[in-house]
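Working notes, structure below.
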Amino acid sequence: MSAIATHSVTPGKAALPTSLSDEALARESTLAQAAIRRHRFVIIGLRIAVLVTVLGGWELAANRKWIDPFFYSQPSLIWAQIVDWIRNGTSQGSLWMQVAVTLEETILGFLIGGVSGIIAGILLGRNKLLSDIFSLYIQIANSVPRVVLGSVFVIALGLGMASKVALAVVMVFFVVFGNAFQGVREADKYLIANARILGASPRQLTTSVVIPSAMSWILASLHVSFGFALVGAVVGEFLGAKQGMGLLISTAQGAFNASGVFAAMIVLAVVALVADFLLTRLETRLLKWRPTVF
């Protein structure tokens, strides 16, 4: 009798073992989801523990004079500086105005550099003649230190927004170009060959096969390149500006205000994290076809 009960039989369907019944599958799915939630909570808890340990150790070391708070500040003073900037503004004006100026420069540089990098990467990746001609010049331009270019842009374009956007564009372009170029070169050759057999034109190959195949490479570069755009804008402001977070850092440095330097860094880090979150959401929407990674 027990041997007969080991299988679940439904009229009109093949017999399934009990372990594969709907109830068993639902139970396994519930257990897997609970395990995923527990893992997520554990990760969040460990991240908070690391943060508390680092900040607590830093505060303790500064209070006990194990490190000099004049040079390294301490979390309580940094938090007080951020609160003061929010309430009373900075020496250049409102904190939100400084963030807005830097963010505007970053976004413009990110968009211009990203779009131009994607177009150049696809063109050179699909055209061997253009790749052979311009690859050497791109390598030379990429080898030039960005700080030197920042100084050139400040001299040529002035202390306004243009010089910061130009530096951000240069910082972003080469990152996106490299990934777009490599993504195009790594496109599935068999898929391209099959599309050609079916009569696809070169334009259709590029838009329907090559670009979707390279999209993962391009979106991966966008995560990194926004941070580079932010660095470009801040470095440009540090070299010379009228407003922005880079000028705020430079002013704090000139006044030997370590708390101000760390506070500005934290504000920039929050901006970068928010931008990365938005880019991740965009990537999820554009790559809905991609299987979920476990």
Side-chain angles (χ1 to χ4, degrees), residues 101-187 189 206 210-211 213-241 244-250 253 261 264-265 268-269 271-273 275-276 279 283:
V101 169
T102 301
L103 193 57
E104 183 178 3
E105 297 164 350
T106 301
I107 292 175
L108 286 174
F110 174 73
L111 293 176
I112 297 172
V115 171
S116 59
I118 291 172
I119 293 174
I122 293 173
L123 286 178
L124 269 66
R126 293 287 293 158
N127 191 310
K128 191 175 186 306
L129 177 62
L130 291 178
S131 175
D132 293 339
I133 293 173
F134 289 103
S135 59
L136 176 63
Y137 299 106
I138 290 175
Q139 290 176 2
I140 294 173
N142 191 32
S143 65
V144 176
R146 304 296 187 266
V147 176
V148 175
L149 291 176
S151 300
V152 172
F153 291 147
V154 170
I155 294 173
L157 302 176
L159 300 178
M161 183 178 294
S163 59
K164 286 71 180 172
V165 172
L167 183 56
V169 168
V170 172
M171 298 286 287
V172 170
F173 172 82
F174 292 103
V175 177
V176 177
F177 167 80
N179 274 41
F181 179 83
Q182 192 64 31
V184 169
R185 288 297 181 91
E186 293 292 334
K189 301 299 186 294
T206 301
V210 175
I211 292 179
S213 179
M215 190 61 66
S216 297
W217 290 76
I218 294 171
L219 290 176
S221 70
L222 294 180
H223 283 282
V224 180
S225 60
F226 187 88
F228 277 96
L230 185 60
V231 169
V234 172
V235 169
E237 293 169 351
F238 197 86
L239 294 173
M245 294 301 296
L247 179 60
L248 191 59
I249 294 174
S250 179
Q253 174 189 324
V261 174
M265 290 169 57
L268 290 173
V271 171
L273 287 174
D276 185 74
L279 288 173
E283 181 180 6

Handout entry: Intermediate values then yes/no, side-chain contact (heavy atoms from CB on, under 4.5 Å), Ile119 and Ser116
Key = CA-CA 5 Å; Ile119 293 174; Ser116 59; 5.8 Å; no

Problem - Test side-chain contact (heavy atoms from CB on, under 4.5 Å) applied to Leu239 and Ser151, step by step - result: CA-CA 7 Å; Leu239 294 173; Ser151 300; 4.1 Å; yes

Exercise for the section: In sequence, state the C-alpha distance, the side-chain angles, and the governing distance for Phe153 and Val170, and then conclude on side-chain contact (heavy atoms from CB on, under 4.5 Å). Expected result: CA-CA 11 Å; Phe153 291 147; Val170 172; 3.8 Å; yes

Exercise for the section: Take Leu219 and Leu222 through the side-chain contact (heavy atoms from CB on, under 4.5 Å) test and state the conclusion after the steps. Expected result: CA-CA 5 Å; Leu219 290 176; Leu222 294 180; 3.8 Å; yes

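What you find for His223 and Asp276 is that their closest heavy atoms are ND1-OD1, 2.9 Å. Shown here for Leu157 and Ala166, the closest heavy-atom pair between the two residues is CD1-CB, 3.9 Å. Looking at every heavy atom in both residues, Gly183 comes nearest to Ala214 through C-CB, 3.5 Å. Between Ala180 and Gly121, the closest heavy-atom pair is CB-CA, 4.0 Å. Closest approach of Gly114 and Val172 over heavy atoms only: N-CG1, 3.5 Å. Annotation for Met171 and Gly232: closest pair CG-CA, 3.9 Å, computed over non-hydrogen atoms.
Here the CD1 atom belonging to Ile118 is positioned 6.5 Å from the CD1 atom belonging to Ile122, to the nearest 0.5 angstrom. With rounding to the nearest 0.5 angstrom, the CZ atom of Phe238 is 9.5 Å from the CG atom of Leu247. The CG atom of Leu268 sits 8.5 Å away from the CE atom of Met265 when rounded to the nearest 0.5 Å. Atom CZ of Phe181 is separated from atom CG of Leu123 by 11.5 Å, given to the nearest 0.5 angstrom. Between atom CZ of residue Phe173 and atom CZ of residue Phe228 there is a gap of 14.5 Å, rounded to the nearest 0.5 Å. With values rounded to the nearest 0.5 angstrom, Leu230 atom CG is found 11.5 Å from Phe110 atom CZ.
Put simply, the side chain of Ile138 reaches to within 4.5 Å of the side chain of Leu124, judged on heavy atoms.
In this structure, the side chain of Asn179 does not engage the main chain of Ile218 through any donor-acceptor pair within 3.5 Å. Not a single donor-acceptor pair under 3.5 Å links the side chain of Ser131 to the backbone N or O of Asn127. Remark: side-chain polar atoms of Lys164 are not paired, donor with acceptor, to backbone N or O of Gly244 under 3.5 angstrom. Not a single donor-acceptor pair under 3.5 Å links the side chain of Ser163 to the backbone N or O of Leu159.
Between the side chains of Glu237 and Thr102, at least one donor-acceptor pair of N or O atoms lies under 3.5 Å.
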